[in-house]
Amino acid sequence: MKVTTTLSSAAALSLVAGLALPLAPAVASDAAADSDIRISEIAYTLETDFIEVAADPGTDISGWTFGSVTRGGSVQAQENTVTVPEDTTVGDSGAVAIDVPITNSVKAGSAADGEYGSSAFVIDDDGELVDFQQIGGVVDGKGVTGTKNTFTPAPVIGQEAQPTGATAAGGQSIQLTGDAWKSAAPTPNALPDSSDGGEGSDDGDDGETPEGVTPIADIQGTGDASPIQGKTVTTRGVVTAAYPEGGLNGYYIQTPGTGGADRADGAASDGIFVYSPDTVADISIDDHVEVTGTVSEHYGQTQISVSASGLKTVDEPAEAVKPVEDAFPAGDEKRESLEGMLLQPSESLTVADNYNTNTYGEVVLATGEGTLDQPTDVHRPGTPEAKALEAANLDREVVLDDGATVNFLKADKDIPLPYLSKEDPVRVGAQANFTSPVVLGFDHEKWRFQPTTRLTGDNAEAVQPTTFTDTRTEAPEAVGGQVSLASFNVLNYFTTTGDQLSGCQYYDDREGNHITVRGGCDARGAANAESLKRQETKIVTAINKLDASVVSLMEIENSAAFGKDRDDALATLVKRLNEAAGTEKWDFVDSPAAVPSDEDVIRTALIYQPAEVAPQDESTILDDQDAFSNAREPLSQAFAPKDGTGEIEKDKTFVTISNHFKSKGSGSGPGNEDSGDGQGASNADRVKQAESLVGFAGDQQEAANSGLVYLLGDFNSYTQEDPMQVFYEAGYKDIAAEKTDESTYVFGSRTGSLDHVLALDASDEADGAGAEATAFGSVTGADVWNINSVESLALEYSRFNYNVSDLFAPDQFRASDHDPVVVGLFDSSDEGGDDDAGADAAENADADGSSDHPGGKDAGKNGGKNGNHWGSRDGDHPGGKNAGKNGRHNGW
């Protein structure tokens with residue numbers, strides 16, 4: 001007799017494709033029925049995949065077929081089905097495991113609904129289906145149905161798998177213990193121990209629990225999943241939070257008297273979620289209840305599903321539940337110990353993202369110090385340091401939720417948004433302080449603080465559990481200097497509105513009014529004059545308060561694309577700026593006579609204050625169709641400052657070049673695929689654009705006879721990414737990275753800078769009158785004015801009236817999605833520039849050689865949203881919260 005251990009697919013196992021076996025009913029074969037053969041364990045970890053069957057020792061399974069179906073119920077590939085070799089029998093353990101690759105596409109809970117989830121099947125050598133078990137799903141619910149394709153064996157087609165209700169935690173398998181499936185460490189070729197835990201277990205029984213009642217802690221267990229999934233249990237608790245509206249359809253209960261400051265570390269949680277649409281309206285917070293229902297894991301959170309008959313009110317009084325008051329712990333293990341319990345974090349957390357606040361009522365918070373840094377803003381892409389930073393970011397995240405699963409873009413538009421208001425902004429980088437308890441939940445791979453009932457803008461005074469510090473400023477910090485430079489993204493500023501063109505499609509407000517162009521035409525901005533006025537008001541307010549001598553603009557309409565003068569939209573913006581300023585404060589740099597033959601509908605531009613600087617010679621556009629065929633061509637203009645009497649100081653002539661590189665959201669050709677190192681798509685093209693720009697800048701430096709060269713704009717590259725290295729190697733320094741701790745952009749809860757002002761710092765290349773100074777040495781100060789990226793998307797003109805909350809204000813906040821960088825130049829007391837600034841930068845940069853960040857930004861620092869940069873952000877969310885956020889700047 002041959003007894004196998006786990007069989008390797010590399011051990012000459014025969015792979016089966018499209019077995020020509022007769023369609024059989026979903027009943028066990030005679031051999032299976034006689035010996036009660038069944039699937040007993042399914043492993044689908046990174047290290048090992050196998051399907052184990054339990055059968056009498058000596059059972060011959062030679063020629064049997066083991067396999068796995070995936071999404072939709074079909075076998076994905078030939079390797080996902082194997083035939084057992086001859087002379088394979090079950091050993092003395094009563095179990096035998098067969099290696100077979102299993103696709104990890106599983107879902108727990110009702111989301112599976114018979115349509116989604118890997119399943120394991122076993123077919124005997126007579127072509128009879130022995131067993132068909134679905135990973136996840138709902139016990140006794142609808143299972144995945146076998147679907148015909150090239151690789152699906154005939155006995156599986158049309159048959160429905162039995163949902164196990166269980167999914168495996170990291171590194172574990174699911175195992176049949178008694179009548180229930182649970183997650184545990186893999187035990188191939190050995191039946192799991194069925195003596196631990198389960199209903200009626202005496203573990204942890206202090207003698208005070210009524211007979212037949214299972215303590216919540218026993219249901220939760222100390223692992224990341226309940227040890228008694230699939231079991232029907234009765235338990236008791238005090239209602240701590242209730243959600244009769246908003247889609248959660250349930251309530252949290254906690255064991256009486258638990259919580260507080262003396263709670264032991266690592267203990268099993270004393271709280272649990274009760275999913276019960278039938279009873280949630282019948283209970284109130286602080287009720288003492290007894291519930292009977294089935295235990296399951298729903299998107300990673302343990303819950304009990306309770307029907308209308310499963311709720312009883314307990315007459316005897318219950319000791320009050322106490323919130324756990326302590327710093328919110330790091331690590332899943334410690335947080336798991338608090339799942340479902342009432343807590344009040346004792347330390348403030350930092351707002352890391354507010355992108356989803358106007359959609360799902362969520363605010364991403366970060367534990368520890370500061371926001372969550374974009375790894376490639378701090379470390380070189382793909383390095384161990386970058387990966388470690390991202391791992392730390394994930395560990396620090398927690399979502400402050402609203403006690404609902406509503407997508408406000410699709411429903412409940414007449415209910416005021418939670419957390420957001422004109423008076424109390426919720427800004428990335430602000431501190432969140434807890435003023436009342438929350439319940440700790442888990443959903444869709446995120447830990448979540450839930451208020452004790454659904455939060456809306458109407459009940460915020462009574463329900464909102466947090467306050468947020470206001471970090472707004474009315475103007476950028478003083479940067480000194482005789483003149484100043486800045487970059488500003490104007491968020492698809494189009495004076496050609498959608499209603500002037502044919503074929504445009506729109507994003508509409510809650511009343512059906514067109515707000516922004518969605519597609520179908522070349523316009524990308526406002527839908528009509530009314531919407532354009534709202535956009536202009538914010539941009540004009542911001543630029544006038546920025547008050548820089550020269551401003552590089554990105555994402556402004558190229559009016560030539562609409563048969564107009566190329567500068568038409570630019571002229572309109574300058575006119576609006578001057579109207580608001582009450583004087584002819586601004587002018588724009590005219591387009592040169594020679595422009596590229598094939599341009600995008602958006603462009604770069606330069607505006608300036610004639611009282612402070614004077615253009616020198618004509619502007620020039622870099623016409624490199626090879627490098628910039630998918631980006632906006634750089635625009636160069638030399639300026640000379642004016643002294644206090646208005647005299648032009650040509651010996652201080654400086655060169656500015658406005659830039660907008662290719663976005664991260666798409667790419668084609670070698671090196672342009674998203675490699676997963678954090679740099680996104682089209683990285684090779686951005687490197688090519690950087691190399692071309694360096695050459696162009698050299699030409700402009702020579703033409704202006706000045707080494708004072710500044711590259712400004714949106715480079716779509718974080719500070720440590722490959723395109724930026726091209727500039728550093730060419731002698732440029734990133735002014736904001738050297739002189740500030742601030743960033744310009746927030747994407748996916750990560751903060752970093754896509755926008756830069758780069759200064760040449762190679763004095764030996766300076767020429768003529770500028771030979772004694774470098775561009776970087778002439779810098780007197782810098783600031784990133786955080787008015788856009790840190791503000792909620794709900795404040796943009798593009799979101800006007802999509803919710804009953806009136807969040808639009810004619811101010812500078814959320815005029816765009818990128819923050820402006822402002823830089824001061826030329827110390828008036830030292831015509832040679834700020835030598836100390838250069839010395840300070842050198843002193844701060846990499847003193848011990850260990851930092852891979854260009855000057856100033858601590859390389860150990862633990863630290864977008866619309867898809868012109870990264871494309872759509874898709875994902876699933878509890879209760880049908882499909883996170884299909886549109887990928888355009890003006891998209892909803």
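Values reported hereafter were calculated over all heavy atoms of this structure, with side chains retained and with hydrogens, waters and symmetry mates removed.
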> Can a donor-acceptor pair be found between the side chains of Ser346 and Glu325 at a distance below 3.5 Å?
Replying inline: no
> CD of Gln431: more than 12 outside heavy atoms within 6.0 angstrom?
Replying inline: yes
>> Let's go through Arg427 and Asn354 carefully: what are the C-alpha distance in whole Å and the side-chain angles of both, what is the deciding distance for side-chain hydrogen bond (donor to acceptor under 3.5 Å, both in side chains) to 0.1 Å, and is it a yes or a no?
In response: CA-CA 7 Å; Arg427 288 164 48 93; Asn354 52 22; over 6 Å; no
> Does Gln175 use its side chain to pair, donor to acceptor, with the backbone of Ala185 at less than 3.5 Å?
Replying inline: yes
>> Using a 3.5 Å distance criterion without hydrogens, assess whether the side chain of Ser305 forms a donor-acceptor pair with backbone atoms of Gly293.
In response: no
> When rounded to the nearest 0.5 angstrom, what distance separates CD1 in Ile42 from OG1 in Thr164?
Replying inline: 6.5 Å
> Just wondering, do Thr350 and Leu365 contact through their side chains at under 4.5 Å, heavy atoms?
Replying inline: no
>> Would you say that Phe449 contacts Leu349 through its side chain, given a criterion of any heavy-atom pair below 4.5 Å between the two side chains?
In response: yes
> If every non-hydrogen atom of Val351 is compared with every non-hydrogen atom of Thr371, which pair is closest and at what distance?
Replying inline: O-CG2, 3.7 Å
> Is a side-chain N or O of Lys231 found less than 3.5 angstrom from the main chain of Val295, in a donor-acceptor match?
Replying inline: no
> Where the side chain of Gln254 meets the backbone of Asp270, is there a donor-acceptor pair that is under 3.5 Å apart?
Replying inline: no
> What residue among Thr357, Leu417, Thr456 forms side-chain contact (heavy atoms from CB on, under 4.5 Å) with Phe408?
Replying inline: Leu417
> Stepwise, does the side-chain contact (heavy atoms from CB on, under 4.5 Å) test hold for Val289 with Ile253?
Replying inline: CA-CA 8 Å; Val289 298; Ile253 62 174; 3.9 Å; yes
>> Tell me every residue that passes side-chain contact (heavy atoms from CB on, under 4.5 Å) with Ser337, counting only those two or more places apart in sequence or in another chain.
In response: Arg263
> Can you tell if the side chain of Val144 reaches within under 4.5 Å of the side chain of Glu160, non-hydrogen atoms only?
Replying inline: no
> Where the side chain of Asn249 meets the backbone of Gly247, is there a donor-acceptor pair that is under 3.5 Å apart?
Replying inline: yes
>> Let me confirm one number: the OG1-CD1 distance from Thr214 to Ile304, rounded to the nearest 0.5 Å.
In response: 8.5 Å
>> Please find the pair of heavy atoms, one from Ile174 and one from Trp181, that lie closest to each other, and give the distance.
In response: O-CZ3, 3.6 Å
>> Before you tell me yes or no, could you show the steps for Lys446 and Val398 under side-chain contact (heavy atoms from CB on, under 4.5 Å), namely the whole-Å CA-CA distance, both residues' side-chain angles and the distance that decides it to 0.1 Å?
In response: CA-CA 6 Å; Lys446 300 291 182 185; Val398 59; over 6 Å; no
> For the side chain of Arg510 and the backbone of Asp412, is there at least one donor-acceptor N/O pair under 3.5 Å apart?
Replying inline: no
>> Lys312 vs Glu290, test: salt bridge (Lys or Arg N to Asp or Glu O under 4.0 Å). Steps then yes/no.
In response: CA-CA 5 Å; Lys312 289 171 52 179; Glu290 179 179 289; 3.6 Å; yes
> Between Asp218 and Pro227, which heavy-atom pair has the shortest distance, and what is it?
Replying inline: O-CG, 3.7 Å
> Passes side-chain contact (heavy atoms from CB on, under 4.5 Å), Thr435 versus Thr466? Steps please.
Replying inline: CA-CA 5 Å; Thr435 56; Thr466 52; 5.7 Å; no
> Rounded to the nearest 0.5 Å, what separation is found between the OG1 atom of Thr405 and the NE2 atom of His444?
Replying inline: 10.5 Å
> Where the side chain of Gln301 meets the backbone of Phe442, is there a donor-acceptor pair that is under 3.5 Å apart?
Replying inline: yes
> Would you call Val69 and Phe132 a side-chain contact if the rule is heavy atoms closer than 4.5 Å?
Replying inline: yes
> Got a second to check how far Glu339's CD is from Ile272's CD1, nearest 0.5 Å?
Replying inline: 8.0 Å
> Looking at Phe813, does the NZ or CZ of Arg472 lie under 6.0 angstrom from its six-membered ring centre and within 45 degrees of the ring axis?
Replying inline: yes
> So, does Arg814 use its side chain to make a donor-acceptor pair with the main chain of Glu791 at under 3.5 Å?
Replying inline: yes
> Can you tell if the side chain of Thr313 reaches within under 4.5 Å of the side chain of His288, non-hydrogen atoms only?
Replying inline: no
> Between Ser118 and Ile102, what is the shortest heavy-atom contact and its length?
Replying inline: CB-CG2, 4.2 Å
> Is it the case that more than 12 heavy atoms not belonging to Asp179 sit under 6.0 Å from its CG atom?
Replying inline: no
> Taking 4.0 angstrom as the limit, do Glu511 and Lys413 come out as a salt bridge?
Replying inline: no
> Could you go step by step and tell me if Arg236 and Glu316 meet the salt bridge (Lys or Arg N to Asp or Glu O under 4.0 Å) rule?
Replying inline: CA-CA 11 Å; Arg236 288 184 174 184; Glu316 62 190 68; 3.7 Å; yes
> Are Ser296 and Gln229 close enough that some pair of their side-chain heavy atoms sits under 4.5 Å apart?
Replying inline: no
> Between Tyr44 and Ile135, is any pair of side-chain heavy atoms under 4.5 Å apart?
Replying inline: yes
> In a check of side-chain contact (heavy atoms from CB on, under 4.5 Å) between Phe468 and each of Asp424, Leu400, Asn433, which one passes?
Replying inline: Leu400
> Which value, rounded to the nearest 0.5 Å, describes the distance between Tyr802 atom OH and Asp509 atom CG?
Replying inline: 12.0 Å
> Between Ile415 and Arg454, which heavy-atom pair has the shortest distance, and what is it?
Replying inline: CD1-NH1, 3.8 Å
For residues 276-284, please give each side-chain donor-acceptor pair under 3.5 Å, one per line with the distance, not counting sequence neighbours.
residue : atom : partner : partner atom : Å
Ser276  : OG   : Thr279  : N            : 3.3
Ser276  : OG   : Thr279  : OG1          : 2.4
Ser276  : OG   : Val306  : O            : 2.8
Thr279  : OG1  : Tyr251  : OH           : 2.9

>> For the CD atom on Gln464, are there more than 12 heavy atoms of other groups (residues, nucleotides or ligands in this structure) within a distance under 6.0 Å?
In response: yes
> If you look at every heavy atom in Asp401 and Pro451, which pair is closest and at what distance?
Replying inline: O-CD, 3.3 Å
>> Quick check for you: to the nearest 0.5 Å, what is the distance between Thr177 atom OG1 and Lys182 atom NZ?
In response: 4.5 Å
> Around Lys422, counting heavy atoms of other residues, nucleotides and ligands shown, do more than 12 lie under 6.0 Å from its NZ?
Replying inline: yes
> Would a distance-only check, ignoring hydrogens and angles, find a side-chain to backbone donor-acceptor pair under 3.5 Å from Gln220 to Ser269?
Replying inline: no
> Going through the checks in order, is the side-chain hydrogen bond (donor to acceptor under 3.5 Å, both in side chains) test met by Asn803 and Ser805?
Replying inline: CA-CA 5 Å; Asn803 180 268; Ser805 302; 2.8 Å; yes
> Would Glu41 and Ser173 satisfy side-chain hydrogen bond (donor to acceptor under 3.5 Å, both in side chains), going step by step from the backbone distance to the final call?
Replying inline: CA-CA 7 Å; Glu41 185 172 359; Ser173 66; 2.7 Å; yes
>> Applying side-chain contact (heavy atoms from CB on, under 4.5 Å) to Val363 and Val399, what does each step give before you reach the verdict?
In response: CA-CA 6 Å; Val363 180; Val399 175; over 6 Å; no
>> When you compare the side chain of Tyr360 with that of Asn407, does any pair of heavy atoms fall below 4.5 Å?
In response: yes
>> Pair Gln133, Asp131 - check side-chain hydrogen bond (donor to acceptor under 3.5 Å, both in side chains), show working.
In response: CA-CA 7 Å; Gln133 296 287 334; Asp131 202 359; 3.1 Å; yes
